[in-house]
Amino acid sequence: MTEHAKFQLKLTGGLADGHEFEGYDGYTALAGAAWTLSLVTNYVETGQIRHRGDFPGRHAVHALPMKSGSLLADFSVLLQGQPASVFGIGFAAGASGLLYGLVNRVILRNLGQDPTPLNNETAALLERKDGDVEALVAITEPSLRQAHEVIGNSASGIEWIGGFNTMAHLNAGTKAYMKASIPDHEVIQRDVMVTGFYGNSGHGSVFDFSLGHNVPFSMKRDDLRRYGPYFSWGLDQYTNDTGRRLSIKFTRIISMDGTAKRYIIVSADYVR
């Protein structure tokens with residue numbers, strides 16, 4: 001069954017109140033929003049996280065003509081998959097409900113918030129695939145940062161709407177938060193549980209017991225070749241509920257308030 005999910009970005013303030021924006025920054029921002037939708041859509045449709053190359057999600061997001069009032073950018077997402085067959089979970093609201101919930105979550109998590117699941121579909125997925133969702137948060141960070149580029153002279157804020165619900169308000173404060181990705185080069189070692197890992201990209205998530213929640217991670221290509229098998233093993237332990245952990249060394253990307261946005265893997269080993 002084919003479904004259509006509707007998203008809208010409402011730009012207000014600055015040039016947007018005159019129904020226009022600066023061309024480069026404006027279209028750059030809309031491209032970032034569209035790419036974010038494509039990444040999340042691909043996961044809903046296939047259960048796979050992709051962030052480069054050709055994949056189904058990038059073809060599913062269509063842009064509609066812009067409208068006045070102040071300035072409205074509409075996107076229509078064509079959904080053809082069935083989440084029940086992809087994830088093995090029943091979804092009363094279908095693919096569109098899950099897409100709305102996941103888009104809402106990745107936006108707010110990237111803005112430093114820990115949102116309550118938007119709907120039952122998202123809550124059900126988080127129970128089984130929380131690690132995947134955290135990995136999705138990590139790979140959407142660059143495109144959501146890009147979606148803020150129009151904020152300044154062109155617009156003072158963006159209301160991001162999914163369906164009939166406002167999902168987030170982007171403004172100068174959230175732009176500052178997204179841009180404040182500060183490298184912390186201190187090497188830290190912890191025993192963690194691998195809750196998500198994608199071997200083709202080196203992205204994933206670990207449950208940090210000292211923090212009590214999942215944290216996204218990434219690694220350089222050379223480190224992926226060397227340590228990827230450890231994370232594959234760790235994910236298998238998590239999937240089979242063995243309780244076994246991985247010992248990792250990492251640096252961090254932190255926000256303005258010192259909160260860890262992402263771990264950068266330096267090395268990994270089995271907990272002996």
Side chains of R262 and S218, heavy atoms from C-beta outward: is any pair under 4.5 Å?
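The answer is yes; the side chains approach within 4.5 Å.
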Side chain to side chain, F207 and V192, heavy atoms closer than 4.5 Å
no
Between [X] and [Y], is the ring centre distance below 6.0 Å?
{"X": "F7", "Y": "Y100", "answer": "yes"}
{"X": "F87", "Y": "Y43", "answer": "yes"}
{"X": "F250", "Y": "F217", "answer": "no"}

I need the full list of salt bridge (charged side-chain N to carboxylate O under 4.0 Å, His left out) pairs touching [range], with sequence neighbours left out, sorted by first then second residue.
{"range": "residues 37-59", "value": "none"}
{"range": "residues 206-220", "value": "R190-D208"}
{"range": "residues 161-181", "value": "E149-K179"}

Answer yes or no on whether R245 is positioned over the face of Y270, meaning its NZ or CZ is under 6.0 Å from the six-membered ring centre and within 45° of the axis.
no
In a check of side chain to side chain contact (heavy atoms under 4.5 Å, CB included) between V133 and each of L126, V40, N214, T195, which one passes?
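Running side chain to side chain contact (heavy atoms under 4.5 Å, CB included) over L126, V40, N214, T195 with V133 returns exactly one hit, L126.
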Around atom CG of N153, are there more than 12 heavy atoms of other residues, nucleotides or ligands at under 6.0 Å?
no
K6, NZ atom: more than 12 neighbouring heavy atoms under 6.0 Å
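Enclosed.
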Would you check if there is a donor-acceptor pair between the side chains of Q189 and S267 at a distance under 3.5 Å?
no
Evaluate the criterion salt bridge (charged side-chain N to carboxylate O under 4.0 Å, His left out) for residue pair R226 and D223; output intermediate values, then yes/no.
CA-CA 5 Å; R226 183 172 182 181; D223 292 328; over 6 Å; no
Relative to each other, are the rings of Y27 and F21 parallel, tilted or perpendicular (30° and 60° limits)?
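Answer is perpendicular, since the angle exceeds 60°.
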Who are the side chain to side chain donor-acceptor pair (under 3.5 Å) partners of S255, not counting sequence neighbours?
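Side chain to side chain donor-acceptor pair (under 3.5 Å) list for S255, sorted by chain: D257.
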By side chain to side chain donor-acceptor pair (under 3.5 Å), which residues pair with D269, not counting sequence neighbours?
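Only R272 meet the side chain to side chain donor-acceptor pair (under 3.5 Å) criterion with D269.
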Is E134 salt-bridged to R109, going by a charged N under 4.0 Å from an acidic O?
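Here E134 pairs with R109 in a salt bridge, since their nearest N and O are under 4.0 Å apart.
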Is a side-chain donor or acceptor of N119 paired with a backbone partner of G97 at a separation under 3.5 angstrom?
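Indeed, once roles are kept as given, a pair shorter than 3.5 Å links the two residues.
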If only atom types and distance count, is the side chain of E159 paired as donor or acceptor with the main-chain N or O of H169 below 3.5 Å?
no
Exercise answer: donor-acceptor pairs, residues 65-72 side-chain atoms, under 3.5 Å, sequence neighbours excluded:
| from | atom 1 | to | atom 2 | distance (Å) |
| --- | --- | --- | --- | --- |
| K67 | NZ | D74 | OD2 | 3.1 |
| S70 | OG | D17 | OD1 | 2.9 |

